[in-house]
2 protein chains.
Amino acid sequence: MNYQQFCNKHKPKQSELFAAFYDLFAKTIEIKNRKIAIEKLQIIIKATFKLSATQSFASMTLRQLADETHLSMGCLYAYIKNKQQLSLYIHQFLNFYAEKVLNNSPNTLNDIIKTHIYLSEILQPWFFFCFMESKNLSKDMRKFAIKSELLMENKLVTIIANGQKMGIYNALLAPETIAAHIKPLLHDWYLKRWKYRQRKISIDEFCLSTLTFISRGLTSPDSLTEHNKYDE
Amino acid sequence: MNYQQFCNKHKPKQSELFAAFYDLFAKTIEIKNRKIAIEKLQIIIKATFKLSATQSFASMTLRQLADETHLSMGCLYAYIKNKQQLSLYIHQFLNFYAEKVLNNSPNTLNDIIKTHIYLSEILQPWFFFCFMESKNLSKDMRKFAIKSELLMENKLVTIIANGQKMGIYNALLAPETIAAHIKPLLHDWYLKRWKYRQRKISIDEFCLSTLTFISRGLTSPDSLTEHNKYDE
DNA sequence: GTCTATAGCCGGATAGAC
DNA sequence: GTCTATCCGGCTATAGAC
């Protein structure tokens, strides 16, 4: 699987993405004209990402959001119940969407890692927002919001444990430990997206180097060479 | 070097830390009684960390801060010029302090990595705050604030490049790429501190597994084994 | 569906008493 | 140094016209 193949299978058109968004929350959205709602929700959420990324969601005002979307305050409130709900819906939708993709993903280590990176590329602003703004959620909601993250982590652990049992991976580190190290490597792609863009590193290059880095940590069966041993 | 040794050399008493803080900004702080100022600044900044961590700095109100510190609004304003400056000073102080320690740090790869982890342990709330709240800074200030991060990154790159030249490390990945992968591994310690605490993973265990993970990526000279090759 | 106008509150910041 | 009292601007949210 490469990025192009993943896109063919999973990359939604922007309109499809927000159609799914509307359908998920349609019951609680005042506007009943589906086509208009989808269009406006896309505008509102993209503006939310833009403003949140530069100043944080908490300090973004709905006046700014109204300006940015060229909607009035009143109109905004036809699409969202209040400011907090806007944040909540974004979290919930990403969770919903990520879980759908992860549940359909293949089960080799490389493929899961690639699936995660590719997904976070396609939905980069969503991932970034959810990572940075998880504070906005209540405790209950926070638990819900990281369901798909746990799903991902469990998949990693299972595969690594299996690989170790079969002798394919060395067992120097516990599966949970390795999984814990892998995750921040993947997060970096969407958290520091601007850095990779600036350095002109493509997603394929990033995947290659990440997988190389991880594979080497997993597969070398020999003990550490002398000068790099953890020297107390 | 282990954590205990590092602490003996670098770990400041809390009062020393905030004494350094006061001295760095004394010119711009109204309160001239050094002892009182140091004490209150410690209270104010710790409260800021607490409130920011649960709700973000932007949404923390100075009234909340006054409650948490048991100071009045007026009194608060004797220590800080305004809300934004509070955030700025925290960023500037961490940068000042980190640079001091990093410049005195030894120059082996393991020691630099350990220095960074140990430092981020001692100043965990500072590191967490600066990572999460860098948005609050103006563009100029942001550049300034990451000076010490760049210092750290450059040190990594230099050492890795050297090691590759000397044949100690494999040259599968560029030094910059490896450094880019190492950094999020280290950030995880202070960003997800609660997770490691919950799992009862000590800083020494974290260092060991991180260094193991990194070393293996660097030192195995053989090419990737078949089943883990980047199978496109 | 979208707008304007406005209610009502809360935030940052300051003045001035003690 | 620390407090109370207060200004004023800007915020979320809603009512009601179009």
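Everything numeric here is computed off the predicted structure, so don't read it as measured data. Order of the sequence lines sets the chain letters (A, B, ...), proteins ahead of strands, with each chain counted from 1. Side-chain atoms are counted along with the backbone in the values below, which use heavy atoms only and exclude waters and symmetry mates.
- Heavy atoms from other residues, nucleotides or ligands lying under 6.0 Å from CD of A:Gln84 number 12 at most.
- A close approach under 4.0 Å does not occur between any side-chain nitrogen or oxygen of B:Lys83 and OP1 or OP2 of C:dG11.
- Remark: C1' of D:dG10 and CD of A:Gln55 are 14 Å apart, rounded to the nearest angstrom.
- Residue A:Phe129 forms a ring-ring contact (aromatic ring centres under 6.0 Å, His included) with just one option from A:Tyr190, A:Phe49, A:Tyr89, and that option is A:Phe49.
- Residue B:Lys50 places its NZ atom among 12 or fewer non-hydrogen atoms of other residues, nucleotides or ligands, all under 6.0 Å distant.
- Residue order along DNA chain C, read from the 5' end via each residue's closest nucleotide, puts A:Ala37 first among A:Ala37 and B:Met73.
- Rounded to whole Å, atom C1' of D:dC11 lies 14 Å from atom CD1 of A:Ile80.
- Salt-bridge formation is detected for the pair A:Arg193/A:Glu121: a Lys NZ or Arg NE/NH1/NH2 atom is positioned less than 4.0 Å from an Asp or Glu carboxylate oxygen.
- Going from atom CG of A:Asn82 over to atom P of D:dT14 covers 8 Å, rounded to whole Å.
- Side-chain atoms of B:Arg63 come within donor-acceptor range of the base of C:dG12, with a qualifying N/O pair under 3.5 Å.
- Base engagement by B:Ser72 is indicated by at least one non-hydrogen atom pair under 4.0 Å involving a base atom.
- We find that NZ of B:Lys32 is positioned 9 Å from P of D:dG1, with the value rounded to whole Å.
- In this entry the distance linking CG of A:Leu71 with P of C:dT2 reads 7 Å, nearest Å.
- For the pair A:Glu30 CD and D:dA13 C1', the interatomic distance rounds to 12 Å; values are reported in whole Å.
- Each of A:Trp189, A:Tyr196, A:Phe206 was compared with B:His181 under the ring-ring contact (aromatic ring centres under 6.0 Å, His included) criterion, and only A:Phe206 meets it.
- Taking atom CD1 of residue A:Ile31 and atom P of nucleotide C:dG1, one finds them 5 Å apart after rounding to whole Å.
- Within the structure, a side-chain polar atom (N or O) of A:Lys40 is placed less than 4.0 Å from OP1 or OP2 of C:dT2.
- Taking only side-chain nitrogens and oxygens, B:Tyr77 never comes nearer than 4.0 Å to OP1 or OP2 of C:dT14.
- Computed from coordinates, the B:Tyr79 OH to D:dG1 P distance equals 7 Å when rounded to whole Å.
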